[in-house]
Amino acid sequence: MDADVSDTPGSPADPDDQDETAGDGLTDGAPKTSGAAPQDDSPAGTPEAAPGSDASAAPAGDGTWGARPERGPGERKRHWLRWTALAASFLVLVAAGVGWWVYKKLDGNITTDTSAAAELKAYEKDRPLPIARDAQNILLVGSDTRSGDNSAYGRDDGGSQRSDTTILLHLAADRRSATAVSIPRDLMAEIPSCHTEDGKATKAQFAQFNWAFELGGTACTIRTVEKMTGIRVDHHMVIDFSGFKDMVDAVDGVEVCLKEPVDDDDAHLKLPAGRQKLDGEEALGYVRARKSIGDGSDTERMDRQQKFLGALVNKMQSNGVLLNPARLYPVLDAATKSLTTDPGLDSLRDLYDLVRGMRNVPTDKVQFLTVPRQSYRADPNRDELVQPDADRLFTALRKDEPVAVVPAEEINSGDSQADHSSGKDPSGQKPGETEGSPTPAPTYSGSNAADDPCDA
């Protein structure tokens with residue numbers, strides 16, 4: 001190898017420095033060799049490497065990685081704890097951000113019915129006063145509008161809508177029971193004077209119940225229910241077809257039991273007989289069908305709706321949907337997207353408080369029935385209330401008193417309401433009679449959420 005080339009890494013020595021001797025830390029007159037290591041600038045007192053020792057073993061100068069002392073076990077542990085805390089803080093922030101986004105999305109889905117609130121306020125003096133403190137009465141209205149996403153279920157006649165299903169839901173003050181009372185859409189009722197969307201006043205009239213929703217919307221329906229029952233309606237919810245369908249899909253379907261196969265083009269429904277699970281589209285056809293299931297009456301259809309809602313409630317409670325945020329979110333998202341409520345229920349917090357109050361109600365105490373009714377004497381295609389049975393039911397709900405619901409076959413077949421609902425006292429006593437104990441709760445034919453759909 002050429003003698004002028006250094007054998008060590010680094011730049012060759014500058015030829016002009018070969019004769020320098022003073023102040024370079026070398027013996028006077030000793031020439032500087034090519035590629036020699038730079039002079040030692042370490043502070044006084046630092047020992048030099050012994051001749052022949054490995055230069056790499058010498059301590060590095062201050063400020064270099066080699067000069068940093070090796071971390072002990074305790075310091076390494078603190079280092080990882082700091083990183084863990086930082087990562088946990090980041091995850092908390094992300095979760096909080098996602099949670100806020102979910103809350104705002106669901107909250108923004110809900111539509112507030114301010115016009116109904118204004119109408120009801122204008123007629124406040126005509127409305128019944130609440131009696132039972134902490135009890136809640138909520139009017140649930142299923143709208144049959146054909147506009148928007150619901151156009152697949154019929155012709156859109158200019159955006160008009162009627163109440164396809166109306167249920168008065170009574171939540172007991174102690175939240176240990178819930179009673180859902182269906183009001184037939186063909187029931188003849190006193191409809192008060194209401195205001196249309198364009199502000200025109202309608203005339204008071206005796207007509208079929210679901211006209212109230214078409215004439216004056218939710219406010220007119222609420223006032224009609226209050227006039228009929230004497231019960232103060234605290235809140236209301238209106239949900240359309242697409243919302244109902246999406247809710248069923250969100251809980252992965254609901255089981256029903258059919259005695260005979262169904263083939264109904266109008267309801268978009270074709271099902272075999274027996275136990276089966278319905279998806280949202282099938283469930284919508286099932287609860288709306290009239291001509292192809294049972295006797296074709298609206299009463300039979302309401303019974304079917306009640307049993308289906310009971311099965312839906314049962315599934316949500318038994319599968320832990322109400323207690324599992326991950327499973328509850330799609331249900332809330334589906335419900336809120338098609339939900340219109342009064343200002344008292346138009347936030348996610350309000351709805352959560354309502355659900356929280358209901359989630360501990362035993363399924364056998366979630367009861368469904370239809371108002372005591374019979375064919376209207378002037379028109380067999382319409383219904384009328386059976387008295388005094390209907391008033392007894394309304395009085396019990398108004399006072400937050402218990403109401404017993406049993407299957408229709410358990411009601412005395414000789415009673416006028418055996419086929420529908422009955423206020424018959426199973427003890428045989430008349431209202432107000434006592435035998436040393438309180439009069440048993442009036443009994444009505446109906447169902448509860450714990451019933452198996454295939455037992456009937």
A.B. asks: Donor-acceptor pair, distance only, cut-off 3.5 Å: does the side chain of Asp383 make one with the backbone of Arg373?
C.D. replies: no
A.B. asks: Determine yes or no for a side-chain-to-main-chain donor-acceptor pair under 3.5 angstrom, with Gln387 supplying the side chain and Asp391 the backbone.
C.D. replies: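 The answer is yes, because a donor-acceptor pair under 3.5 Å joins these two groups.
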A.B. asks: For Leu393 and Pro372, which heavy atoms make the closest approach, and how far apart are they?
C.D. replies: CD2-CD, 3.8 Å
A.B. asks: Go through it in stages, so that I can follow the logic: the residues are Met188 and Asp379, the test is side chain to side chain contact (heavy atoms under 4.5 Å, CB included), and I'd like the CA-CA distance, side-chain angles, deciding distance and then a yes or no.
C.D. replies: CA-CA 10 Å; Met188 300 302 293; Asp379 183 352; over 6 Å; no
A.B. asks: Regarding Arg398 and Thr395, is there a side-chain donor-to-acceptor distance under 3.5 Å anywhere?
C.D. replies: yes
A.B. asks: Is there a donor-acceptor contact under 3.5 Å from the side chain of Gln276 to the main chain of Gly274?
C.D. replies: yes
A.B. asks: For residues Ala311 and Val254, report the shortest heavy-atom separation together with the two atoms involved.
C.D. replies: CB-CG1, 3.6 Å
A.B. asks: Where do Pro128 and Gly230 come nearest, in terms of heavy atoms and distance?
C.D. replies: CB-O, 3.5 Å
A.B. asks: Can you measure from NE2 (His236) to CG (Leu169) and round to the nearest 0.5 angstrom?
C.D. replies: 14.5 Å
A.B. asks: Any non-hydrogen side-chain atom of Glu282 less than 4.5 Å from a side-chain atom of Val256?
C.D. replies: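 When only atoms from C-beta onward are counted, Val256 and Glu282 do not touch, as no gap falls below 4.5 Å.
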A.B. asks: Rounded to the nearest 0.5 Å, how far apart are CG of Leu284 and CG of Asp249?
C.D. replies: 10.5 Å
A.B. asks: Once salt bridge (charged side-chain N to carboxylate O under 4.0 Å, His left out) is applied, what residue pairs with a partner in residues 225-237 remain, sequence neighbours excluded?
C.D. replies: Glu124-Arg232, Arg127-Glu226
A.B. asks: Quick one: pull up CG in Asn381 and CG in Asp186 and give me the separation to the nearest 0.5 Å.
C.D. replies: 8.0 Å
A.B. asks: Quick one: salt bridge (charged side-chain N to carboxylate O under 4.0 Å, His left out) pairs with a partner in residues 171-182, sequence neighbours left out?
C.D. replies: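 Found none.
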A.B. asks: Is a side-chain donor or acceptor of Glu214 paired with a backbone partner of Trp211 at a separation under 3.5 angstrom?
C.D. replies: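 It does not hold such a pair.
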A.B. asks: Shortest non-hydrogen contact from Ile191 to Cys220?
C.D. replies: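 Nearest heavy atoms, Ile191 then Cys220: CG2-SG, 3.8 Å.
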A.B. asks: Could you tell me whether a side-chain N or O of Tyr444 sits under 3.5 Å from a main-chain N or O of Asp389, the two making a donor and an acceptor?
C.D. replies: yes
A.B. asks: Going by the rule salt bridge (charged side-chain N to carboxylate O under 4.0 Å, His left out), which residues pair with Glu255 if we only count those two or more places apart in sequence or in a different chain?
C.D. replies: Arg275
A.B. asks: Please say whether more than 12 non-hydrogen atoms of neighbouring residues, nucleotides or ligands are located less than 6.0 Å from CD in Glu260.
C.D. replies: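 No, CD of Glu260 has 12 or fewer neighbouring heavy atoms, counting only those of other groups under 6.0 Å.
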A.B. asks: Rounded to the nearest 0.5 Å, what separation is found between the CG atom of Leu278 and the CG atom of Leu258?
C.D. replies: 7.0 Å
A.B. asks: Just by distance, with hydrogens left out, do Thr370 and Gln306 show a side-chain donor and acceptor under 3.5 Å apart?
C.D. replies: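 Short answer, yes.
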A.B. asks: Where the side chain of Lys315 meets the backbone of Asp252, is there a donor-acceptor pair that is under 3.5 Å apart?
C.D. replies: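 Checking the backbone N and O of Asp252 against the side chain of Lys315, a donor-acceptor pair under 3.5 Å is found.
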A.B. asks: Nearest 0.5 Å, what's the NZ-OG distance between Lys307 and Ser447?
C.D. replies: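 Here the interatomic distance stands at 5.0 Å.
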A.B. asks: Within this structure, what is the CG-OG1 distance for the pair Asp240 and Thr340, rounded to the nearest 0.5 Å?
C.D. replies: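 Asp240 atom CG to Thr340 atom OG1 measures 8.0 Å (nearest 0.5 Å).
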A.B. asks: Write down the atom of Pro343, the atom of Asp350, and the distance for their closest heavy-atom approach.
C.D. replies: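 In terms of heavy atoms, the two residues are closest at O-OD2, 4.3 Å.
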A.B. asks: Okay, side chain of Arg301, backbone of Ile293: is any donor-acceptor separation there less than 3.5 Å?
C.D. replies: no
A.B. asks: At their closest point, which heavy atom of Phe213 faces which heavy atom of Val141, and how far apart are they?
C.D. replies: CE1-CG1, 3.9 Å
A.B. asks: If only atom types and distance count, is the side chain of Thr196 paired as donor or acceptor with the main-chain N or O of Gly216 below 3.5 Å?
C.D. replies: no
A.B. asks: Between the side chains of Gln305 and Ser182, does any donor sit under 3.5 Å from an acceptor?
C.D. replies: no
A.B. asks: Whether the side chain of Arg304 engages the backbone of Ala289 through a donor-acceptor N/O pair (distance < 3.5 Å, no angle test) should be reported.
C.D. replies: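 Pair found, side chain donor or acceptor close to backbone of Ala289.
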